[in-house]
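Numbering of residues begins at 1 and proceeds along the displayed sequence. What you see below is based on every heavy atom in this structure, not just the backbone, and it leaves out hydrogens, waters and symmetry mates.
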Amino acid sequence: MIKVNFQLGKIVAVTLLSAAVFVLGARSQEDAKKPAPGKTAAAAKTAKGPEAFIGTPDKIKWVQSAPGVEFGPVYGNCDKAGAPCVFQLRFAAGGKFPPHWHPVDENVTVLSGTFMAGMGDSYDESKMMSLPAGAYVFMPRRMHHFAGSKSGAVVQVHGVGPFKINYVNPADDPSKGAKGAN
């Protein structure tokens with residue numbers, strides 16, 4: 001009889017222990033779904049990571065960037081360190097971006113038209129490569145480069161912040177009233 005009660009006691013103990021583990025596990029999953037004390041549901045949601053984003057061309061707000069070149073932000077925060085940064089550049093026929101460099105890597109995809117890119121400290125068309133829609137360009141951080149389009153083009157640039165433009169020749173900086181590269 002003692003042997004049977006001992007076996008029954010083991011079964012009851014294992015069953016109770018399993019039930020306790022199941023209840024605690026379910027409760028911790030529910031707690032994980034709730035925001036931390038003092039945080040709103042929205043704050044808890046963003047703590048998990050970025051939300052999905054779908055952008056369409058009609059939502060881009062274009063602004064003049066350089067002579068014959070417009071800048072259109074698509075997604076992210078180009079000023080925030082480590083933040084995703086996506087924007088488009090729209091080159092008019094003859095639009096040029098003077099020699100410059102960035103503190104972060106630059107990834108460029110040609111969306112339409114023919115884009116021209118070259119490397120160096122002076123705008124020299126003989127050093128440029130003509131790139132059709134679908135082409136991709138990678139410029140490592142601090143690489144001096146320049147760009148333009150003879151017939152017009154739209155490119156999409158992506159990288160991370162802080163995405164800054166540092167002109168090789170400060171006089172080329174259009175924000176300082178320069179006329180751009182010749």
>> For Phe97 and Ile165: C-alpha separation, side-chain torsions, deciding distance, then whether side chain to side chain contact (heavy atoms under 4.5 Å, CB included) applies.
In response: CA-CA 10 Å; Phe97 225 114; Ile165 300 170; 3.7 Å; yes
> Does the side chain of Val157 reach to within under 4.5 Å of the side chain of Leu89, using non-hydrogen atoms?
Replying inline: yes
> Are the side chain of Asn107 and the backbone N or O of His158 linked by a donor-acceptor pair below 3.5 Å?
Replying inline: yes
>> Could you check whether any side-chain heavy atom of Lys150 comes within less than 4.5 Å of a side-chain heavy atom of Glu125, counting everything from C-beta outward?
In response: yes
>> In terms of relative ring orientation, are Phe71 and Phe87 parallel, tilted or perpendicular, with 30° and 60° separating the classes?
In response: tilted
> In terms of hydrophobic clustering (I, L, V, M, F, W, Y; side-chain heavy atoms under 4.5 Å; direct or indirect links), are Val110 and Val137 co-clustered?
Replying inline: yes
>> Under a 3.5 Å cutoff, is there a donor and acceptor pairing between the side chains of Asn166 and His100?
In response: no
> Which residue pairs satisfy the disulfide bond (SG atoms under 2.5 Å apart) criterion with at least one member in residues 85-135, sequence neighbours excluded?
Replying inline: Cys78-Cys85
> Under a single-linkage definition using a 4.5 Å side-chain heavy-atom cutoff for Ile, Leu, Val, Met, Phe, Trp and Tyr, are Val86 and Val69 assigned to the same hydrophobic cluster?
Replying inline: no
> Between Ser149 and Thr114, is there a donor-acceptor pair closer than 3.5 Å when you use the side chain of the first and the backbone of the second?
Replying inline: yes
>> Run Ser175 and Asp173 through side chain to side chain donor-acceptor pair (under 3.5 Å) and show every step you take.
In response: CA-CA 5 Å; Ser175 71; Asp173 185 343; 2.7 Å; yes
> Can you list the steps and then say if Val154 with Phe91 is a side chain to side chain contact (heavy atoms under 4.5 Å, CB included)?
Replying inline: CA-CA 6 Å; Val154 176; Phe91 288 78; over 6 Å; no
> Can you find a pair of side-chain heavy atoms, one from Arg141 and one from His102, that are under 4.5 Å apart?
Replying inline: no
> Just by distance, with hydrogens left out, do Thr56 and Asp58 show a side-chain donor and acceptor under 3.5 Å apart?
Replying inline: yes
> Are Tyr167 and Trp101 connected in a single hydrophobic cluster, I mean Ile/Leu/Val/Met/Phe/Trp/Tyr linked by side-chain heavy atoms less than 4.5 Å apart?
Replying inline: no
>> Tell me if the NZ atom of Lys80 is crowded by more than 12 foreign heavy atoms within 6.0 Å.
In response: no
>> A side-chain contact here means heavy atoms from C-beta on lying under 4.5 Å apart; do Lys96 and Phe146 qualify?
In response: no
> Counting only N and O atoms by type, is there a donor-acceptor contact under 3.5 Å from the side chain of Asp79 to the main-chain atoms of Pro162?
Replying inline: no
>> Is it the case that the side chains of Gln64 and Glu70 hold a donor-acceptor pair, with the cut-off being a distance below 3.5 Å and no angle test?
In response: no
> Mind checking whether Val108 and Met139 sit in one hydrophobic cluster, side chains of I, L, V, M, F, W, Y counted as touching below 4.5 Å?
Replying inline: yes
> Passes side chain to side chain contact (heavy atoms under 4.5 Å, CB included), Trp62 versus Gln88? Steps please.
Replying inline: CA-CA 9 Å; Trp62 295 98; Gln88 292 184 8; 3.7 Å; yes
> Going by atom types only, do His145 and Glu106 share a side-chain donor-acceptor pair under 3.5 Å?
Replying inline: yes
> What is the distance from atom CG of Asn77 to atom CZ of Phe163, rounded to the nearest 0.5 Å?
Replying inline: 13.5 Å
